[in-house]
Amino acid sequence: MADTNAKLTVNGEEYELPIIKGTLGRPVIDIAALQESGFWSYDPGFKVTAPVESKITYIDGGKGELLHRGYPIDELANNAEYLEVAYALLHGDLPTADQKADFFEKIREHTAVHDQLRKFFEGFRRDAHPMAIMVGVVGALSAFYHEDLDVSNEAHREITAIRLIAKMPTLAAMSYKYSQGEPFMYPRNDFNYAENFLYMMFATPADVDYEKNDVITRAMDKIFTLHADHEQNASTSTVRLAGSTGANPYACIAAGIAALWGPSHGGANEAVLEMLDEIGTVENVPEFMEKVKSREVKLMGFGHRVYKNFDPRAQVMKETCDEVLEALGINDPKLELAMALEKIALEDPFFIERNLYPNVDFYSGIILKAIGIPTSMFTVIFALARTSGWISHWLEMHSAPFKIGRPRQLYTGETRRDFVKVEDRK
Ligand code: CMC
């Protein structure tokens, strides 16, 4: 609601810019009036720009607070299942017992993928990165559901959200199985969401007595919850921008997966393990830290654009990390190295002065490594979990009128010049 105006004077002209307050957080200045001023706003990296209004997730980076639909992330991660959190992201509230049963059943009904989709996998090299496969196969889902792709139809939008959340674990596990040369495992609908994913990853058809592990299942479910949504991050903004053109939701989520892949975003958990490989042993940590300080390399898994005191997801993840390492009795030198790195970084003034704390990807990388997930699958798991957030934002956008996203630019190229024939060019 706008209750007062800011004033901006440019070239002697005064513009009234409404100040709009949300329910929490910084108010925003509506700069639409700049349209008449002859100026654009300039904000590389969108550091101070809110391009949307949203009711899904709230972050207070200073306080280290993350709320989904108002519920604190640690309470959700410690008490709710990922699919309940997905329901809340989609629908606004945590489900009642009946709503939960109904939603879980709908997800179970849609875990399988069309058998023809296997052929897409076979088109990839065995050594293809699973994120490359995910970008392709998730986008390709749009070719299987022509009849439900009217983005203006609420029922079509809803079934698409269910299909995407239900099929992501199946597709993610298939991308891993393909890389291993192992047969794909069909989903088991007597397993819960995290169990089913682990089963499709690690069981084989010959494995008649596959055993679940409750500590690992719970840790995986928490990893899903802690990655479910994070307001207008790069991949979610990408999903919204693609969606603003009216593009189909599978294509929009594929765009989100592509944006997530980068090492500054979801690719960081994979980059953490690559960094540990590069460092090698604890003795090499001081030398590596010198490289970080001279800006030769970044300490992957540290720092965040929004959280400047601590990442509340990282706190829950650290506890889970300790539980998993203890339960599995793991004694891996790479995990010891990670812990040494964490300790040194938390005590070093370079990191303290710049508010660089371990982020969620630092610990999730370590947990995933401990439970035997290959490094190349880390970002795929992030994408699987973030799908509920992406599709919730896409649905929110489609639930009200919206405009195509079309930013402007500060042009610094050549000014107008005449065409020169090739023979006369110098
Ligand atoms: N290692 C070393 N120095 C760093 C790091 C790092 N990981 N991150 C930031 N800095 C330094 C940076 O060089 C700058 O120093 P100075 O002021 O002396 O030039 C200062 O800290 C401020 O950094 P910034 O680049 O302005 O911060 P940003 O908000 O633009 O970047 C970030 C945020 C997450 C991209 C960055 O911290 C980073 O690249 N971290 C490593 C990658 C990573 O772990 N990403 C996962 C983020 S959490 C998952 C997700 O939400 O996607």
Side-chain angles (χ1 to χ4, degrees), residues 43-49 56-62 64-66 68 73 77 131 222-239 256-276 278-279 285-318 321 338 341-342 344-368 375 378-390 393:
D43 178 24
F46 302 121
K47 282 194 152 189
V48 291
T49 296
I56 300 175
T57 289
Y58 171 73
I59 302 175
D60 183 329
E65 184 174 52
L66 168 61
H68 292 320
I73 188 63
M131 280 298 276
K222 275 193 191 176
I223 288 178
F224 292 160
T225 295
L226 294 171
H227 287 86
D229 191 46
H230 215 225
E231 52 118 300
Q232 311 308 322
N233 57 86
S235 57
T236 304
S237 299
T238 301
V239 171
I257 297 173
L260 185 75
W261 196 355
S264 296
H265 193 6
N269 49 16
E270 185 173 343
V272 169
L273 269 287
E274 282 163 5
M275 174 185 78
L276 296 179
E278 191 192 324
I279 300 172
V285 170
E287 192 192 329
F288 185 79
M289 287 303 196
E290 284 316 307
K291 283 198 206 162
V292 173
K293 289 179 191 172
S294 61
R295 293 184 178 71
E296 248 178 88
V297 288
K298 271 189 177 172
L299 189 56
M300 299 315 287
F302 276 70
H304 199 276
R305 168 61 64 81
V306 179
Y307 298 119
K308 297 300 179 197
N309 281 318
F310 66 91
D311 178 341
R313 302 167 303 169
Q315 285 196 329
V316 182
M317 203 60 102
K318 181 172 168 47
C321 186
L341 206 59
E342 177 205 27
I344 295 168
L346 287 175
E347 288 167 358
D348 190 310
F350 177 91
F351 297 96
I352 296 169
E353 279 158 21
R354 288 170 179 76
N355 297 319
L356 298 171
Y357 299 89
N359 58 46
V360 67
D361 285 327
F362 183 73
Y363 298 111
S364 67
I366 296 169
I367 299 176
L368 292 172
T375 314
F378 289 7
T379 316
V380 173
I381 288 170
F382 192 158
L384 181 173
R386 186 55 59 86
T387 297
S388 58
W390 288 331
H393 282 270

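The residues of the chain are indexed from 1 along the displayed sequence. Atoms within a ligand are numbered from 1 in the order they appear, just like the ligands themselves.
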**Report entry** Contacting atoms of ligand 1, where contact means under 4.0 angstrom from a heavy atom of A268
**Finding:** 43 (C), 44 (O), 45 (N), 46 (C)
Report task. Indicate whether atom 24 (P) of ligand 1 is within a distance of less than 4.0 angstrom of some protein heavy atom. Result -> no
Requested in this report: Starting from atom 27 (O) of ligand 1, find the nearest protein heavy-atom neighbour and note its residue, name and distance.
Outcome: K308 NZ, 4.4 Å
**Report entry** For atom 42 (C) of ligand 1, closest protein heavy-atom neighbour
**Finding:** M300 CE, 3.4 Å
Query raised in the report: Nearest to atom 9 (C) of ligand 1, what protein heavy atom do you find, and at what distance?
Result: L356 CD2, 3.5 Å
Query raised in the report: T238 versus L260: any side-chain heavy-atom pair under 4.5 Å?
Result: no
Query raised in the report: Between C321 and I366, which heavy-atom pair has the shortest distance, and what is it?
Result: SG-CG2, 3.7 Å
Requested in this report: Return yes or no for this condition: an N or O of F382 is under 3.5 Å from an N or O of ligand 1.
Outcome: no
Report task. Please examine the side chains of V292 and F302, heavy atoms only from C-beta on, and report whether any two atoms are closer than 4.5 Å. Result -> no
Query - K293 and D348, any side-chain heavy atoms less than 4.5 Å apart - result: yes
Report task. Quick one: look up the protein heavy atom nearest atom 52 (O) of ligand 1 and list residue, atom name and how far away it is. Result -> H265 ND1, 2.5 Å
Query raised in the report: For atom 36 (C) of ligand 1, which protein heavy atom lies nearest, and how many Å away is it?
Result: K298 NZ, 3.9 Å
Query raised in the report: Is G301 close to ligand 1, meaning an N/O of one under 3.5 Å from an N/O of the other?
Result: yes
Report task. Would you indicate whether the side-chain heavy atoms of Q232 and H393 approach each other to under 4.5 Å? Result -> yes
Report summary line: Nearest heavy atom to atom 6 (C) of ligand 1, choosing from N355, T236, V360, L299, belongs to L299
Report task. Name the orientation class of the two ring planes belonging to Y307 and H230 (parallel below 30°, tilted from 30 to 60°, perpendicular beyond 60°). Result -> tilted
Report task. Return the option from R354, K47, M275 holding the heavy atom at the smallest distance from atom 26 (O) of ligand 1. Result -> K47
Requested in this report: Can you pull out the closest protein heavy atom to atom 40 (N) of ligand 1? Residue, atom name and distance to 0.1 Å, please.
Outcome: F302 O, 2.9 Å
Requested in this report: Side-chain contact test, heavy atoms from C-beta onward, threshold under 4.5 Å: evaluate it for I73 versus H68 and give yes or no.
Outcome: yes
Query raised in the report: Looking at side-chain heavy atoms only, is the closest gap between F351 and L346 below 4.5 Å?
Result: no
Query raised in the report: Right, does atom 30 (O) of ligand 1 have protein non-hydrogen atoms nearer than 4.0 Å?
Result: yes
**Report entry** Pairwise side-chain contact, W390 with S235, heavy-atom cut-off 4.5 Å (strictly under)
**Finding:** yes
Query raised in the report: Of all the atoms in ligand 1, which lie at a distance below 4.0 Å from a heavy atom belonging to V292?
Result: 2 (C)
Requested in this report: For Y357 and N309, work out which heavy atoms get closest and say how close.
Outcome: CE1-O, 2.7 Å
Query raised in the report: Crowded around F46 CZ? As in, over 12 foreign heavy atoms under 6.0 Å?
Result: no
Requested in this report: Name the closest protein heavy atom to atom 28 (P) of ligand 1, giving the residue it belongs to and the distance to 0.1 Å.
Outcome: R305 NE, 3.7 Å
Query raised in the report: What protein heavy atom sits nearest atom 18 (O) of ligand 1, and how far away is it?
Result: R295 NH2, 2.2 Å
Report task. Give yes or no for whether the N/O distance cutoff of 3.5 Å, strictly under, is met between D361 and ligand 1. Result -> no
Query raised in the report: Any protein heavy atom under 4.0 Å from atom 12 (C) of ligand 1?
Result: no
Requested in this report: Check whether any N or O atom of H230, backbone or side chain, sits under 3.5 Å from an N or O atom of ligand 1, and answer yes or no.
Outcome: no
Query raised in the report: Taking side chain as C-beta onward, heavy atoms only, is E274 less than 4.5 Å from M300?
Result: no
